[in-house]
Each structure stands twice: as structure tokens, then as C-alpha cells.
**Student:** 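Pasting a structure below so you can have a look.
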Amino acid sequence: MTSGRKWWRWAASALLPLALACTRETGPEGAATAGASALGGGSSLAELMQKRGLNEADVVAALKTYTPSGKHDEYYLFASGGHGGNLIVIGVPSMRILKYIGVFTPEPWQGYGYGDQTMELLKQGSRDGKMLTWGDMHHPALSESAGEYDGQYLFVNDKANPRVAVVSLRDFATTQIVASELIESEHGSTFVTPDTDYVIETSQYPAPLGGRYADVTKFNDEYRGATIFWKFDRARGRIVPEESWAMELPPYMQDLADAGKLVSDGYVFINSINTERAYGGNLEGNPPLESGVSQNDMDYLHVINWKKAEQVVKAGRTKVIAGMRVIALETAVAEGLLHFVPEPKSPHGVDVTPDGKDIVVGGKLDTHATVFSFEKIKALIAANTFVGKDPYGVPILPFQEAIRGQCEIGLGPLHTQFDNEGFAYTSVFIESKVAKWSLKDLKLVDKLSTHYNIGHLVAAEGDTVSPDGRFLVAMNKWAIDRFAPVGPLLPQNFQLIDPVGPKMQMLYDAPIPLGEPHYAQMIKADKIKPVEIYKPAGMNALTHEKDPFAVEGGKERIERKPDGVHVYMTAVRSHFTPDIIRVKQGDTVHLHITNIEQAKDATHGFTVGSQNIHVSLEPGKHANVTFVADKPGVYPMYCTEFCSALHLEMAGYFLVEPK
Ligand code: RUQ
Ligand code: CUA
């Protein structure tokens, strides 16, 4: 703590007189109140520390996170909202929540799921024709160029209803949801290849591919896993399902994945559990699923050569299942696209090092991080050095020859992140700790306790080819005693950690009250350049093009057409035009509303009472809303954002005349 002490001496000599001087200048009674008012009831830094029971380390931690009013954060943290289904955007180091982004779950503030465009988007994400209004989001992935986050897009998955969503970082809004009916659940998702050619989504719980039925006792023969390579068209900002493809996998439970980079570019690594192929049945004389799954000491790290697989797809050596081109397992084996390496013990996280040379695997029931060498794996494959085959003919490489070594880090290692100085940071679930270890000599250098049961952890730019080595966030599953009690359902706890120096330092606890945010990625803030308004006015936020129904000021009107009543409206401080709408009972109503303002933050919201309608109209945005006016009555409509002094007056009447 020498540096801390030095800081303290410096603070005492420099900061305090400064603070006092400022206080003195604040008001006419400055001299009299000096030291009493500015610190909110405290008087001096020392006194304040004493009053609040803070020690020197607390103050150092506070100064590392405190971000004065008006100052922006250095990083964006994009955190999954777990079974809340939506994304959370957080500033680091302040840990201030900046935004939620509606993705799989309707989000009323943004009007997400309460107007035509966003309803259309949620419908895109239907599976088997069923409209889904929630998702179990796990792993956000930022788009990459040459292995660096480029700040353009973000992809997220839904484990429960296998889907992938595209979020545009131009306006922090969801623009696409794709669902394949090939698989029935997923988890190893989303991970991008280094230039975002593909977004990878891998199944978790095996099932007959394509939504077929087969009894679970036919598990070994009929059930399969699959990994989907969703083709991303960066210029259009869209996943192109027709150009996407998949590879069939044995019925193990494939888990997390990571794409190779630099030397290992062209490969993807997916780990698995349940090579036992257990499927439960604890009322049918079988062991419960979890014990059946955990018999073997080793499961299989899947090594997939996706660049070679892409050629096999281009050559047409696929079958079509649920509308998707799939490389059959036999083909994958015959073409040498898939190899296995044994991995210990209930593996969970798999993370490729920034240089692309090593693959770090954490085993939930292990005490090591196991470091596989890509070079060794490649050489073993080239020399056909196999110790055997799995029941589906997939060649298995020898474990000892494939690893560079293991680092003893503690019980229950899960996920690993990296810094710019050759250190790896692994979450240790059972011990509730972060372990910092050296990649070079595989030696543990430091351990820090977290509260409690850390799952993922994320480092600044931590999945890129050049991590920043700045902040680390532990994403803890339980919050037990961390915050004021809020009933039986507790928030999760993000803990901000300073990883720099010989001793990691815990800086800040941030409760996250929106589902379980499994994973997050942290990107340098200056890489993201969102638009401030939609320009020109009348823009459809989904297509980023002018909406065909966009309305110009002066052209507002109401038209009765065969398909219903079309209302062309504008919003501008502080009125909607028209502000009276008359329809007849049973009419289908099409509202076309453009916020024609182009001033930053001049956002309006629009609702008609009792119709389950709400849209957010950011400056320049156009929204369409369709509904049936089925009940006669008088319905006030109003602006839901306090947009001006006359906001309350920004209202009108929607009148439904009885038949
Ligand atoms: S995970 S359970 Cu990423 Cu560790 Cu989903
Ligand atoms: Cu517009 Cu309030």
C-alpha cells in the first residue's frame, strides 16, 4: 500500500487546501461556512472519512470510480440482462447505468413492442409461429474488425428460445432477430469471428434437429447438437439467413465457445459437458441428470476448422434441415473439420488468448485453468495423432500432448479474461475469487475475494487481440448481504476491480436489477459514435431510412381508406397535429407519427389511453401504430416525456363514436 500512502500525503497537502479554498469562494458567507457546507454536512476530508467510517483504501477506491457531474465514462459495458431478456449499458468506471435496450422483451420506455415497427421485429423472432416476449440472454458480443472491437454492432443470444439479435450501436437499438428451428436450446452464443464474418450460435441441450419428435430414450441415435454460423453482412448491418450454415455435432451438451484469432483465425473452439450422454429420468430408474452428466473425468473440447467447413458448404456438401444448410456429422468427420481434445472436469469457459496461441479452459469441478496450445493441436491433427474416436467417429487428440500446461488457481474456475501485460484473470466460482495468473509461466500471482459466487468476469477490451488491462468487472450471481434488503428476489452484483499492480483492488459494488447478466463486454467509449438525432426527420429507426409514411409539418391529415383510418401526425413542442382524432367503433386505426424536431434530446412519447399503445419519438423518428378502436369512448392522448414547460398541454382527444 505504499503508493496509497504516497497518494494520501499528496492529497493531504494538495487536495484539502484546494477544497477549502473553493468552499470559501462559493458564497457571501463563504468564510463563515468554510468546510461545513461543500461536503454535504462533513467538514474536511479527514472528518468526513471518520464520520462515514471510511479508511484510506476506501477513499482511493472512491477516487478511482467517482466521475464528476458532466464527465463521461472511459468505457461502455454492454451487459446481458439475463432472463430479463434485454441489454444493460453501463459506464465504467462510474458503473452508472446509462440505458436498457429492448431486445427480446418489450421495453415500454422505448416503445419497444408497443408500435408497428418494433412489434414486427419481435414477430421476426417467433419460433414455430409462436410469438415470444422474453428471452434468456447470456453472451453479448461486440462486432470486430481484425480482432478489435469496432463499435458498430452488438450481437446477443437467447438460450431458451434459440435466437440471435443484432443491435445497432448507431442508435443503441435492436434491428434484427433471427431464429433457426434447427436447434431447441443454445448457450455457446454469441461469439464472432475476428472480422465478424460470422456470428456463432451453438446448441446446448441436444434434441432431434429441425424440431422433429423422438423419445428421449433414442437419445444416442436421434438427438444431436449443432453449431450455427450466422453470416453477417456488415454493409447492410444484417444477418443473412440464406447465407448462413451449420454443422451437426454429437449429442453432448456443447457449452461456451470462442473464435480463434491471429494464428488460430479460421478455427472455433467449443467445449462440452455430458459426453456421458445422460438424459435424466430420475423417476424412471435413472440417476438424476446432473449426476449422470458428471461421471467422466474428461469431456471434449471441439476444435472446428470453420474456414475449411465454409468451403465444404460452398461445394454443396450439405443437407437442408429447417431451411438451413447443415454439414452432416459424417461429412464433418470425413472432411477433417471436427476434432476433439479431452478437457477436464465439467468444463465451462473457453477463452482464446489475445495472441491467438492458447486456449484456456476452466473446469467447474477442477482446480486448474488448462492451457491448450493451438500450435500443438494443429500439429497433432496434421500428423493424425489420435488416441481414438468418439462413438460418432470424431477423432480424439491426446490430452497431454495438446496442452502447454495447467495453472493451479483454486476450486471451480469458470471464465478467463486477459490484460495487456500477459496476465490472465479467471473467475473461481466455488471459492468466489478472481485469480490473476501469468500466461507465460502459468503461475498464480494474486487472488481477490468477490461477494459471492462470481460467474463471468470481463476486462476492458478483454476479448480482443489487444486488451487494455484497465478495469475488470466481476459478475456475481448472489448479492446476499451486499445491499439494503429488497425482499426475497435480490439483484445481482457487479463488482468493479482495479487489476493493475501486484494486488488487485476491489473498487465498487453495483446492484444489477434486471435478470442475471451472465456476460458483458467492455469497449473504449471513444470507439462508439452514436447518432444524436434521426436525420432527416421521418426516419424509421429499424431500417435507418425515411419511413414511407413519414409526415412533414403542414401535411398533417386524416384519411379514410379501405383498410381503415390513416392519421398523419406530427409532434413538436408542445403539440400533436392533429390533436383531435374522430373514428367510428370498429375502425382499424393507423397512426403515422413523426417527431419533426431536430434538436438533441427533444424526445416526445405518445400514448392513447387504455389501448396498450406507447411509442418513443426521439428527434426525427417516425413511428407507425395500428390498432382497432373496438370500444366507443373518449380517450385522452398525450405526450409521455416531460418535453417542455407546456408538456402537460401536449395532449388531445381520441374519440370513438359508437356504431
Ligand atoms: S455462462 S450459465 Cu456464460 Cu458461465 Cu451462461
Ligand atoms: Cu412532448 Cu411532452
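This is a predicted model, so every value here is computed, not measured. One-based numbering, in listed order, for ligands and for the atoms of each. Numbering starts at 1 and runs along the sequence shown.
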**Student:** Tell me if the CH2 atom of Trp478 is crowded by more than 12 foreign heavy atoms within 6.0 Å.
**Tutor:** no
**Student:** Is the shortest side-chain N to carboxylate O distance from Lys261 to Glu144 below 4.0 Å?
**Tutor:** no
**Student:** Enumerate the side-chain hydrogen bond (donor to acceptor under 3.5 Å, both in side chains) contacts for residues 78-90, please, sequence neighbours excluded, ordered by first and then second residue.
**Tutor:** none
**Student:** Please report how many protein N/O/S atoms lie under 2.8 Å from atom 3 (Cu) of ligand 1.
**Tutor:** 2
**Student:** Assess the side chains of Thr594 and His622: does a donor N or O sit below 3.5 Å from an acceptor N or O?
**Tutor:** yes
**Student:** With no hydrogens and no angle check, do the side chains of His518 and His139 hold a donor and an acceptor under 3.5 Å apart?
**Tutor:** no
**Student:** Looking only at side chains, do Asp547 and Tyr534 share a donor and an acceptor under 3.5 Å apart?
**Tutor:** no
**Student:** Among pairs that include at least one residue of residues 567-581, which meet salt bridge (charged side-chain N to carboxylate O under 4.0 Å, His left out), considering only residues two or more places apart or in two chains?
**Tutor:** Arg573-Glu597
**Student:** Among Ile90, Ile88, Val156, Leu169, find the one that has a side chain to side chain contact (heavy atoms under 4.5 Å, CB included) with Phe78.
**Tutor:** Leu169
**Student:** Near atom 1 (Cu) of ligand 2, which protein N/O/S atoms fall under 2.8 Å?
**Tutor:** His604 ND1, Cys639 SG, Cys643 SG, Met650 SD
**Student:** What I want to find out is whether Glu516 reaches Lys477 closely enough, with some N-O distance under 4.0 Å, to be called a salt bridge.
**Tutor:** yes
